[in-house]
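One structure, as structure tokens, below. Some questions next.
Computed from a predicted structure; not experimentally measured. One-based numbering along the sequence shown.
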Amino acid sequence: MCLTAETAEIACLVGAGDRVVGVPGTARRPPEAREKARVGGFTTFRLDRILALEPDLVLAFSDLQRDVVAELIGAGATVLCTNQRSVDDVLRTILLIGGALGREDQARAVVADMRDEITQVREYSSIWPDRPRVYFEEWPEPMIAGIRWVSELIEIAGGRDVFAELRDKPSARDRVIDADEVVRRDPDIILASWCGKPVDVPAIVARPGWAGITAVDHGRIHEIDGGDILSPGPSLMVGLRRIHELIQTAQASA
């Protein structure tokens, strides 16, 4: 049983997809994950529906799922809940889940492929003379800057996270920022992914004082699919490629 999209993706990629009996409604990678029984959303689950599937192991993620995890444990289920926050954490999580599923070799292969791609992107961008300033917005009201793995992906892709000092803050409430501070730091690129809510680019442009931000002035505001950047699993490589592409385009037009 997988309670998040990335745990479902990991299970499938390490060759245990046939053993997955349920997934959240957000699961969409790989395609086979979409065929599994749906048991709820990221924080809202039907305990009876999960237990009816009689899972031997439930895979969960983060403190945001602590309530359902506690209920499942109370009901006698075996739960493995990870709390990855960095890119390295994500790689270790894949190895941990792979090991728990008896698919250690397959998990190592997935991680090796991800490490190779990370190295290639980092080496490619390392020769750029300039590293554009990038602001990533995880939520608009209040404004929340990106979590650690997002900040790290921005740097791997060749950018400079303008709020890099917040990457050590695991809680979203500790990454709340002031709109005027974004103006002061003047990002060259604005990336946004609003946790399942469509990004309203015109609303960002219309924020008081933001017209003078370089990213706004040059039309460099881009939505990143949440499944590609906010789901801490293998699909982060899709987000990395997208960010790298956007930074490279900004470099070429500078």
Exercise for review: Examine distances only and state if a side-chain atom of Asp188 and a backbone atom of Arg133 form a donor-acceptor pair shorter than 3.5 Å.
Suggested key: yes

Point to revise | Asp113 and Arg108 ion-paired at < 4.0 Å | key: no

Point to revise | Approximate separation, where rounding is to 0.5 Å, of Cys2 SG and Ile97 CD1 | key: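 Going from SG on Cys2 over to CD1 on Ile97, the span is 7.5 Å.
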
Revision key, fill the gap. Separation between CD1 (Ile118) and CD (Glu123), nearest 0.5 Å, reads 12.0 Å

Review point. How are the rings of His244 and Trp128 set relative to one another: parallel (under 30°), tilted (30 to 60°) or perpendicular (over 60°)?
Key: parallel

Review point. Does some side-chain heavy atom of Thr43 sit less than 4.5 Å from a side-chain heavy atom of Val68?
Key: no

Practice item. Please assess Arg175 against Phe163 for the test side chain to side chain contact (heavy atoms under 4.5 Å, CB included), listing each intermediate value before the final yes or no. Key: CA-CA 9 Å; Arg175 288 181 274 111; Phe163 287 102; over 6 Å; no

Point to revise | Salt-bridge present (Asp63, Arg85; N to O < 4.0 Å) | key: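 Salt bridge flag = yes for Arg85 with Asp63.
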
Exercise for review: Determine, step by step, whether Glu141 and Trp194 satisfy the side chain to side chain contact (heavy atoms under 4.5 Å, CB included) criterion, reporting the C-alpha distance in whole Å, the side-chain angles of both residues, the deciding distance to 0.1 Å, and the verdict.
Suggested key: CA-CA 10 Å; Glu141 296 179 3; Trp194 289 354; over 6 Å; no

Exercise for review: Report yes if the side chains of Thr214 and Pro187 come closer than 4.5 Å at any heavy-atom pair, otherwise no.
Suggested key: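 No; the side chains remain at least 4.5 Å from each other.
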
**Study point:** Spatial distance of atom CD (Gln106) from atom CG (Leu13) [nearest 0.5 Å]
**Key:**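 One gets 11.0 Å once the value is rounded to the nearest 0.5 Å.
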
Point to revise | Test log, rule salt bridge (charged side-chain N to carboxylate O under 4.0 Å, His left out), inputs Arg207 and Glu137 | key: CA-CA 14 Å; Arg207 288 173 180 168; Glu137 186 168 286; 2.8 Å; yes

Exercise for review: Might you work through the side chain to side chain contact (heavy atoms under 4.5 Å, CB included) test for Leu246 and Leu191, ending with a clear yes or no?
Suggested key: CA-CA 9 Å; Leu246 292 170; Leu191 306 176; 3.7 Å; yes

**Study point:** Side chain to side chain, Val162 and Val134, heavy atoms closer than 4.5 Å
**Key:** no

Exercise for review: Flag yes if more than 12 heavy atoms outside Asp48 fall under 6.0 Å of its CG atom; otherwise flag no.
Suggested key: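 Check passes, neighbour count above 12.
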
Practice item. Report yes if the side chains of Glu138 and Ser193 come closer than 4.5 Å at any heavy-atom pair, otherwise no. Key: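 Side chain of Glu138 against side chain of Ser193, heavy atoms only: no contact under 4.5 Å found.
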
Point to revise | Student check: side-chain heavy atoms of Ile10 and Pro234 closer than 4.5 Å | key: yes

Review point. Should the pair Arg241-Glu245 be classified as a salt bridge under the 4.0 Å nitrogen-to-oxygen rule?
Key: no

Practice item. Output the distance between atom CZ (Arg242) and atom CG (Leu153), rounded to the nearest 0.5 Å. Key: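 Rounded to the nearest 0.5 Å, the CZ-CG separation comes out at 14.5 Å.
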
Point to revise | From CD (Glu165) to CG (Asp168), nearest 0.5 Å | key: 10.0 Å

Review point. Under a 4.0 Å N-O cut-off, is there an ion pair linking Glu155 with Arg160?
Key: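 Looking at Glu155 and Arg160, the cut-off is not met.
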
**Study point:** Arg28/Asp225 ion pair, N-O < 4.0 Å
**Key:** yes

Practice item. Indicate yes or no: at least one non-hydrogen side-chain atom of Glu152 is less than 4.5 angstrom from one of Ser86. Key: yes

Practice item. Answer whether the closest heavy-atom distance between the side chains of Val176 and Trp139 falls below 4.5 Å. Key: no

Check your understanding: Is any side-chain heavy atom of Thr26 closer than 4.5 Å to a side-chain heavy atom of Phe42?
Key -> no

Check your understanding: Under the 3.5 angstrom rule, does the side chain of Ser151 hit a backbone N or O of Leu166 as a donor-acceptor pair?
Key ->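 Here the side-chain-to-backbone pair does not exist.
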
Practice item. Could you grab the distance from atom CE of Met1 to atom CG of Leu57, nearest 0.5 Å is fine? Key: 10.5 Å

